[in-house]
Amino acid sequence: MSAIEQLKRDSQRLRGSLRESLADPVTGALAEPDTVLLKFHGSYQQDDRDLRDERRRSKLEPAYQFMIRTRTPGGVVSAGQWLKLDAIARTFGNGTLRLTTRQAFQFHGVIKRELKTTLQALNAALIDSVAACGDVNRNVLVAANPLLPAVHAKVQQQAVALSEQFLPRSRAYYEIWLDAEKLADSGSEDEPLYGPAYLPRKFKIAFAVPPINDVDVFAHDLGFTAIIEGGTLRGYNVSVGGGMGASHGDPETYPRLADVIGFVEPAQVQALAEAVLTCQRDWGNRVLRKRARLKYTIDDRGLDVFAAEVQRRAGFALAPARPVVFAHSGDRFGWVEGEHGAGNLTLRLRAGRIADQPGAMHLSGLRAIAVLHPGSFRLTPNQNLIVAQVPAALRARIDALVAEHGLDRYRRDSALAVRAMACVALPTCSLAMAEAERYLPEFSAALEQVLARHGLLDAPILLRISGCPNGCSRPYLGEIALIGKGPGRYNLHLAADARGQRLNRLYRENLDQAGILAALDPLLARYAGERESGEGFGDFLLRAGVMQSSQTAADIEATHEPT
Ligand code: SRM
Ligand code: SF4
């Protein structure tokens, strides 16, 4: 067993010595084992990497701080909750809210002595961070761009039900952070679903509602794709074994698209999901963490064997999957009509960061909207935000606030910039090898110049940047993707489709910005001249023979070979 497996087992159901670590006034950090357990409570210990060298030179310990991530299935919060989240960001965080690629909020920069108070403030907003990180089921994604609100509401309910079903039963979170009464048997509660060592690795679920694949359903350990016939939800196609994470130069790790194994009715979703999750619990690799995700379990055991075991555990056979067509994986910006005359306004927020900056007072603008707005907010899996269920009478006032606070980027950004995603990376992410969120504006502006030269400024090319190969912005599904290799250097991946149904492949390794633009320039020139009507850049690169398809695991592994 890996060391983390033993740690989980010995943790008294995720308690460890967290209380003692929090009370230790000598350091801003936790004891090492507690940093692992903290993740199950939805928080990461980090340090500000911009300050590392200076602090080292001054013989100070790193500038320790904590990231907190919410559990918000489908990314839905009320306007009242928004105001509380805004206050937490200003009071305890670094004055920004961060919307993640999994429809959650992140607070960065919380210091140890305020961690408990911050989680209590979150709880007062009726939001928690239980299982937002760690080896458990994570925040459940739900399509955020519904064309059919009634179907969407049912899908959202199923996602919330799964989120609840798969919560750890340990009361550690409530005892440590919310001062809940300590029970006599604290530390030995039953974990009927997870068992004493929880899962071998994180586990991710998404619900897609075609024709939009905004959740990137095939990037998930377990995916449900809604089958809608005659405006009615009939059930879901089930997909298993998706995942993005990989390590540079290690062919044993790779991104993988999920395989579709059948169809379930809505009433079968919970049993099926439990069967998949427990199968991974029992069969997942607990020796090698880098091979512990479900995608590797499936590749090691065989898809047929896995699917048969899942059906045995669920107690029913899967029906044949039904045909599905996805149009794209993006958001629908601007106003979209909702039910009963209400409207939904999708706003573009670059890399999900909500801050107040000169000319772009986004945090204040959204707070003003939340004060005015009686409805809800919905985070999209593309790091954007929907102001949902806006009554017709309020639209003009909300439009005015949007314009006043520079929140109208969705109207001003290029087709490239409005779709692009970037992970957090520096300065908070300890795994970042290169910039991502902070690099996105500079890189997309530089690429726009190349696009403009070729008359492609309107081309909806899907760009994704990750600061390392872990793939938090789901970069292997970008038509153009930069994967951090070292400071200022990236691997350039090309030719995913824009529907989340084909992975890209490595095109060139270890390039700086000039190298990336030089590599893209001739390809974009050809695309401008030779593309067919409506053909995406990724699809073109395949048709033109510049890249080969990467549908099979063998192909995907080959992406890690230097070209
Ligand atoms: Fe991620 C680790 C940020 C979505 C794959 N991810 C991290 C950590 C916690 C770094 C760490 O372990 O120390 C990053 C914290 C950065 C920071 O300072 O905030 C981090 N991941 C993020 C977020 C915030 C990116 C964003 O820009 O929005 C996303 C939060 C999601 C959420 O709300 O739950 C985020 N991470 C993803 C996704 C996309 C998704 O889930 O749809 C992936 C790829 C899908 C997948 O899991 O296969 C992803 N993150 C990883 C991995 C690689 C996992 C693997 O199987 O190899 C790691 C590293 C790890 O787990 O060891 C990682
Ligand atoms: Fe950090 Fe890498 Fe994830 Fe980016 S992809 S947030 S650099 S772990």
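Summarising the geometry, atom CG belonging to Asp10 is positioned 4.5 Å from atom CD belonging to Gln6; distances are rounded to the nearest 0.5 Å. Taking CZ of Arg350 as the start and CE of Met421 as the end, the distance is 15.5 Å to the nearest 0.5 Å. Atom CD1 in Ile68 sits 14.0 Å away from atom OH in Tyr44 (nearest 0.5 Å). Taking CZ of Arg138 as the start and NE2 of His220 as the end, the distance is 11.0 Å to the nearest 0.5 Å. The distance from the CG atom of Leu385 to the CG atom of Leu407 is 8.5 Å, given to the nearest 0.5 Å. Atom CD of Glu189 is separated from atom CD of Gln12 by 9.5 Å, given to the nearest 0.5 angstrom.
A salt bridge is defined here as a Lys NZ or Arg NE, NH1 or NH2 lying under 4.0 Å from an Asp or Glu carboxylate O, and Arg289 with Asp135 meets this definition. Residues Arg256 and Asp299 are paired through a salt bridge, judged by an N-O separation under 4.0 Å between the basic side chain and the carboxylate. For Arg171 and Glu191, the salt-bridge test fails: no basic side-chain N is under 4.0 Å from an acidic carboxylate O. With respect to the salt-bridge test (charged N to carboxylate O, under 4.0 angstrom), the residues Glu5 and Arg286 qualify. Ion pairing between a basic and an acidic side chain is recognised when a charged N comes within 4.0 Å of a carboxylate O; Glu252 and Lys290 show such pairing. A salt bridge is absent between Lys202 and Asp221: the closest approach of a Lys/Arg side-chain nitrogen to an acidic carboxylate oxygen does not fall below 4.0 angstrom.
Contact record, Leu347 with Asn384: O-CB, 3.3 Å, taken as the closest heavy-atom pair. Between Gly16 and Leu37, the shortest heavy-atom contact is CA-CD1, 3.5 Å. The two atoms that bring Ala314 and Ala275 nearest to each other are N-CB, 3.7 Å, heavy atoms only. Closest of all the heavy-atom pairs between Gly284 and Thr297 is CA-OG1, 3.6 Å.
Looking only at atom types and distance, the side chain of Ser43 has no donor-acceptor partner in the side chain of Arg69 under 3.5 Å away. Of the N and O atoms on the side chains of Asp331 and Thr346, not one donor lies less than 3.5 Å from an acceptor on the other residue. With hydrogens and angles left out, the side-chain atoms of Thr100 and Gln106 include no donor and acceptor closer than 3.5 Å. Counted by atom type alone, Arg332 and Asn145 present zero donor-acceptor pairs between their side chains at under 3.5 Å. Using modelled atom types and a 3.5 Å distance limit, the side chains of Ser129 and Thr70 yield no donor-acceptor pair.
Although no hydrogens or angles enter the test, the distance criterion places no donor-acceptor pair under 3.5 Å between the side chain of Asn470 and the main chain of Cys472. Of the possible donor and acceptor atoms, one in the side chain of Ser473 sits under 3.5 Å from a partner among the backbone N and O of Ile465. The backbone N or O of Leu379 lies less than 3.5 Å from a partner atom in the side chain of Gln103, making a donor-acceptor pair. In this structure, Gln383 contributes its side chain and Leu349 its backbone to no donor-acceptor pair below 3.5 Å. Using a distance-only test at 3.5 Å, with no hydrogens or angles considered, a donor-acceptor pair links the side chain of Asn237 to the main chain of Arg322. Checked by atom type and distance alone, the side chain of Glu164 never pairs as donor or acceptor with a backbone atom of Ala161 at under 3.5 Å. Using modelled atom types, no side-chain atom of Thr72 and backbone atom of Gly75 make a donor-acceptor pair closer than 3.5 Å. Put simply, the side chain of Glu309 never gets that close to the backbone of Asp304: no donor and acceptor are under 3.5 Å apart. Formation of a donor-acceptor pair under 3.5 Å by the Arg281 side chain with backbone atoms of Leu193 is found in this model. With Asn213 contributing its side chain and Val217 its backbone, the two residues share a donor-acceptor pair below 3.5 Å.
With a 6.0 Å cutoff to the six-membered ring centre and a 45° limit on the axis angle, Arg301 counts as a cation-pi contact of Trp283. Remark: Arg499 fails to qualify as a cation-pi partner of Phe326 under the 6.0 Å distance and 45° angle criteria applied to the six-membered ring.
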>> Go through it in stages, so that I can follow the logic: the residues are Glu479 and Arg419, the test is salt bridge (charged side-chain N to carboxylate O under 4.0 Å, His left out), and I'd like the CA-CA distance, side-chain angles, deciding distance and then a yes or no.
In response: CA-CA 11 Å; Glu479 291 178 290; Arg419 282 171 180 77; over 6 Å; no
>> Could you walk me through whether Arg102 and Asp216 satisfy the salt bridge (charged side-chain N to carboxylate O under 4.0 Å, His left out) test, starting with their C-alpha distance in whole Å, then the side-chain angles of each, then the deciding distance to 0.1 Å, before giving a yes or no?
In response: CA-CA 10 Å; Arg102 297 195 64 75; Asp216 279 330; over 6 Å; no
>> Under the criterion salt bridge (charged side-chain N to carboxylate O under 4.0 Å, His left out), I'd like the reasoning laid out for Asp282 against Arg313: C-alpha separation, chi angles, the key distance, then a yes or no.
In response: CA-CA 12 Å; Asp282 299 339; Arg313 288 180 186 223; 2.8 Å; yes
> Could you walk me through whether Glu437 and Arg98 pass the salt bridge (charged side-chain N to carboxylate O under 4.0 Å, His left out) check?
Replying inline: CA-CA 11 Å; Glu437 179 184 324; Arg98 179 58 157 68; 2.9 Å; yes
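Annotation: Lys116, atom NZ; neighbour count of heavy atoms from other residues, nucleotides and ligands within 6.0 Å is above 12. Residue Glu229 qualifies as enclosed at atom CD: its count of foreign heavy atoms under 6.0 Å is above 12.
Using cut-offs of 30° and 60° for the angle between ring planes, the His373 and Phe377 rings count as perpendicular. Ring pair His41/Tyr173 is parallel by interplanar angle, where below 30° counts as parallel and above 60° as perpendicular. Between Tyr254 and Tyr296, the ring planes lie perpendicular to each other; the angle is over 60°, past the 30° to 60° tilted range.
Less than 6.0 angstrom separates the ring centroid of Tyr198 from the ring centroid of Phe40. Not less than 6.0 angstrom separates the ring centroid of Trp335 from the ring centroid of Tyr410. Ring centers of Phe207 and Tyr236: under 6.0 Å apart, within the cut-off.
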